Q: 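This is the structure I have questions about; it appears just below.
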Amino acid sequence: MVEEESIEASREAVEEDDEGPKGLCYCFSGPIYWLKMLAVEMHWSFVFGVVAIYGINQGFGGALARIVTEYYMKDVQEVQPSEAQVYSGITSIPWIIKPIWGLLTDVLPIMGYRRRPYFILSGLLGIVSMLLISLNSKLHLVFALFALTAGNTAVAVADVTVDACVAQNSISHPSRAADMQSLCVLSYSIGGLLGFPISGVFIHLIGPNGVFGLLTFPAALLSLVGILLSEPRVPNFAYTEKLLDAVKAMWTTSKCPDVWRPCLYMYLSLAISLNINEGLFYWYTDSKEGPSFSQETVGYIFSMGAIGALLGAILYQNVLKHQHLRDMLFWTQLLFGLAGMLDLMLVQRMNLKFGIPDYLFVVIGEAVSQMISRLKWMPLLVLSSKLCPSGIEGTFFALLMSIDNIGGLSSSWGGGLLLHVLNVTRTKFDNLWLAILIRNILRFSPICLLFLVPRGDPNSFVLPVKLPSSNDETETQEPDDIELASPINSFDGK
């Protein structure tokens with residue numbers, strides 16, 4: 001009772017602070033008050049977990065991993081761009097099967113704990129997989145793909161646990177759903193902003209294998225989160241009953257048109273927009289006719305993309321989070337297709353005719369594309385968190401995100417096939433412009449599918465599915481199972 005009164009007092013203090021400083025000073029103090037508000041309402045450890053996993057492990061570590069994998073495939077394994085496109089899809093498979101990781105963490109405790117062991121094991125898996133690549137400079141391609149896939153598995157398992165906390169708190173605090181998604185995206189964007197600029201420098205100084213060695217530190221952070229996490233032991237856990245309840249709830253929810261229709265849109269909008277990034281990357285760095293960017297320059301370019309994504313998250317949080325979903329998706333998808341034309345202008349060297357240097361043109365294009373892409377997916381992330389039924393938030397949110405990842409896999413493999421058909425190789429880029437044009441045309445097509453998404457503000461969406469009553473017990477027990485979950489549910493009468 002004393003603890004509840006203390007939390008309530010802190011909550012009122014934050015609300016008073018929100019009504020306090022405004023104007024120029026608020027530009028600097030506002031983020032601090034915002035984080036303080038989230039820490040009070042959601043518990044400080046929730047905010048710490050999101051920043052640690054999204055910001056350091058996925059943002060900073062993901063930035064290093066993305067650039068180093070590009071150069072590792074190109075310079076160490078010496079594969080073709082179409083092959084690299086396919087291999088990137090293979091290593092992303094752990095993200096596609098996220099529902100499996102969600103089910104494991106929800107219904108299969110290890111030694112009586114549902115969260116901590118999975119954090120610790122995922123960290124150990126990430127450390128071993130990164131060391132395997134780092135310590136073997138002549139690793140066979142098959143084993144390299146296996147190690148990269150294991151590293152992605154480590155990150156995906158930790159991601160599922162944090163996603164469960166975000167989804168659960170979005171249900172118990174619906175008015176803060178957009179704030180929580182903004183926290184995730186802002187942490188990820190800031191981490192990427194810090195990681196991309198130094199990635200090229202590290203690759204130049206210590207090579208791709210050395211950078212993989214550095215990635216053991218973000219992986220070790222996962223184990224640290226598991227060690228520090230306060231979680232009560234669960235005795236006599238009914239594995240079979242919980243699994244059946246989870247599957248039944250997922251099936252009941254999935255049959256609802258208000259759920260499967262936006263899921264179908266999310267998949268198609270990704271799958272149709274073909275990914276040909278590997279072809280562009282090879283052209284950036286290898287083509288004599290292209291800009292031949294250095295490793296440091298590539299890192300700086302991607303850092304500008306992280307800035308664009310960060311600006312997109314800030315713009316959504318402060319201006320666009322209450323806009324109607326269909327209107328947001330229409331304009332962002334339209335702008336996304338138009339932004340792709342910048343790649344076509346670059347490959348055709350039109351920028352030089354206007355006196356714009358390659359570096360400046362690529363930086364502008366990357367920042368604009370990432371900002372629009374972030375604005376396009378932020379409302380869908382908010383909607384996804386509201387589609388999760390209580391009791392299996394982690395599993396169902398993982399299912400929704402796996403649908404996105406399947407769309408990304410389809411896009412990557414479709415782009416690889418397109419590059420192969422058009423004969424875009426390590427040294428031949430004559431038809432790269434045609435691949436870009438086809439991709440850009442396909443980017444406009446999801447506009448025709450907007451009837452699949454609900455109208456109105458995604459923050460006001462309420463799941464219209466009545467789940468089996470057996471899940472009620474799971475819902476009441478969940479906040480006590482993990483410290484990352486909010487302990488303030490009682491104030492909302494939940």
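Nothing here was measured: the structure is a model prediction, and the numbers come from that model. What's counted below: heavy atoms across the whole structure, side chains too, no hydrogens, waters or symmetry copies.
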Q: Side chains of Tyr72 and Ile133, heavy atoms from C-beta outward: is any pair under 4.5 Å?
A: yes

Q: With side chains defined as the heavy atoms from C-beta onward, is the minimum distance between Met73 and Leu148 less than 4.5 Å?
A: yes

Q: Assess whether side chain to side chain contact (heavy atoms under 4.5 Å, CB included) is satisfied between Leu280 and Leu432, documenting all intermediate values.
A: CA-CA 8 Å; Leu280 286 170; Leu432 181 59; 4.2 Å; yes

Q: What I'd like to find out is whether the side chain of Thr69 reaches to under 4.5 Å of the side chain of Arg66, using heavy atoms alone.
A: no

Q: Between Ala150 and Leu125, what is the shortest heavy-atom contact and its length?
A: O-CD2, 3.6 Å

Q: Within the side chain of Arg426, is there an N or O that forms a donor-acceptor pair under 3.5 Å with the backbone of Lys74?
A: yes

Q: Can you tell me if Phe444 has over 12 outside heavy atoms packed within less than 6.0 Å of its CZ?
A: yes

Q: Working note: Ile190 + Phe60, criterion side chain to side chain contact (heavy atoms under 4.5 Å, CB included); need CA distance, chi angles, decisive distance, verdict.
A: CA-CA 8 Å; Ile190 293 174; Phe60 183 81; over 6 Å; no

Q: How far does OH of Tyr284 sit from CD1 of Ile301, to the nearest 0.5 angstrom?
A: 6.5 Å

Q: Keeping Arg326 on the side-chain end and Val453 on the backbone end, is there a donor-acceptor pair under 3.5 Å?
A: yes

Q: Find the distance between CD (Glu83) and CD1 (Ile90) and round it off to the nearest 0.5 Å.
A: 10.5 Å

Q: Quick check: closest heavy atoms across Leu434 and Leu422, and the distance to 0.1 Å?
A: CD2-CD2, 3.8 Å

Q: Look only at the side chain of Gln77 and the backbone of Leu139, and say whether a donor-acceptor pair between them is shorter than 3.5 Å.
A: yes

Q: Nearest 0.5 Å, what's the CD1-CE distance between Ile314 and Met371?
A: 11.5 Å

Q: Looking only at heavy atoms, which two atoms of Ser88 and Thr91 are closest? And how far apart?
A: O-OG1, 3.0 Å

Q: When rounded to the nearest 0.5 angstrom, what distance separates OH in Tyr188 from CD1 in Ile56?
A: 14.5 Å

Q: Determine yes or no for a side-chain-to-main-chain donor-acceptor pair under 3.5 angstrom, with Ser411 supplying the side chain and Ser273 the backbone.
A: yes

Q: Go through it in stages, so that I can follow the logic: the residues are Ser410 and Tyr267, the test is side chain to side chain donor-acceptor pair (under 3.5 Å), and I'd like the CA-CA distance, side-chain angles, deciding distance and then a yes or no.
A: CA-CA 9 Å; Ser410 302; Tyr267 168 76; 3.1 Å; yes

Q: I need the Cys263 SG to Leu268 CG distance, nearest 0.5 Å.
A: 11.0 Å

Q: Of the non-hydrogen atoms in Leu449 and Tyr265, which two are nearest, and what is the gap between them?
A: O-CD1, 3.4 Å

Q: Has the side chain of Asn275 got a donor or acceptor atom that lies under 3.5 Å from a matching backbone atom of Gly415?
A: no

Q: With a 4.5 Å heavy-atom cut-off, do Gln80 and Gln85 have their side chains touching?
A: no

Q: Under 3.5 Å, is there a donor-acceptor pair between the side chain of Arg374 and the main chain of Ala306?
A: no

Q: Can you find a pair of side-chain heavy atoms, one from Leu352 and one from Phe361, that are under 4.5 Å apart?
A: no

Q: So Leu64 and Ile198, do their side chains get closer than 4.5 Å, heavy atoms only?
A: yes

Q: For the residue pair Leu400 and Asp404, establish whether any side-chain heavy-atom pair is separated by less than 4.5 Å.
A: no

Q: With distance as the sole test, does Ser369 use its side chain to make a donor-acceptor pair with the main-chain N or O of Glu366 at under 3.5 Å?
A: no

Q: If I compare all heavy atoms of Trp101 with all of Pro94, which pair ends up nearest, and what's the gap?
A: NE1-O, 3.0 Å

Q: Just how far is it from atom CD1 of Ile93 to atom OG of Ser402, taken to the nearest 0.5 Å?
A: 13.0 Å

Q: State which residue, out of Trp283, Tyr300, Tyr359, fulfils the side-chain contact (heavy atoms from CB on, under 4.5 Å) condition with Phe293.
A: Tyr359

Q: Applying side chain to side chain contact (heavy atoms under 4.5 Å, CB included), run through Val160 and Trp95 and close with a yes or a no.
A: CA-CA 9 Å; Val160 165; Trp95 293 93; over 6 Å; no

Q: When you compare the side chains of Asn423 and Asn431, does any donor N or O come within less than 3.5 Å of an acceptor on the partner?
A: no

Q: Give the intermediate values and the outcome of side chain to side chain contact (heavy atoms under 4.5 Å, CB included) for residues Met328 and Tyr316.
A: CA-CA 10 Å; Met328 275 286 296; Tyr316 176 80; 4.1 Å; yes

Q: Okay, side chain of Thr149, backbone of Leu145: is any donor-acceptor separation there less than 3.5 Å?
A: yes

Q: Can you name the nearest heavy-atom pair linking Ala154 to Gly126, along with the distance?
A: CB-N, 3.6 Å

Q: For a 4.5 angstrom cut-off between non-hydrogen side-chain atoms, does Leu222 reach Tyr118?
A: no

Q: Test your reading of the model: is there a side-chain donor-acceptor pair from Ser199 to the backbone of Phe196, 3.5 Å cut-off?
A: yes

Q: Under the 3.5 angstrom rule, does the side chain of Trp413 hit a backbone N or O of Val86 as a donor-acceptor pair?
A: yes

Q: Flag this pair as yes if the NZ/CZ of Arg443 is under 6.0 angstrom from the six-membered ring centre of Phe336 and inside a 45 degree cone about the axis; otherwise no.
A: yes

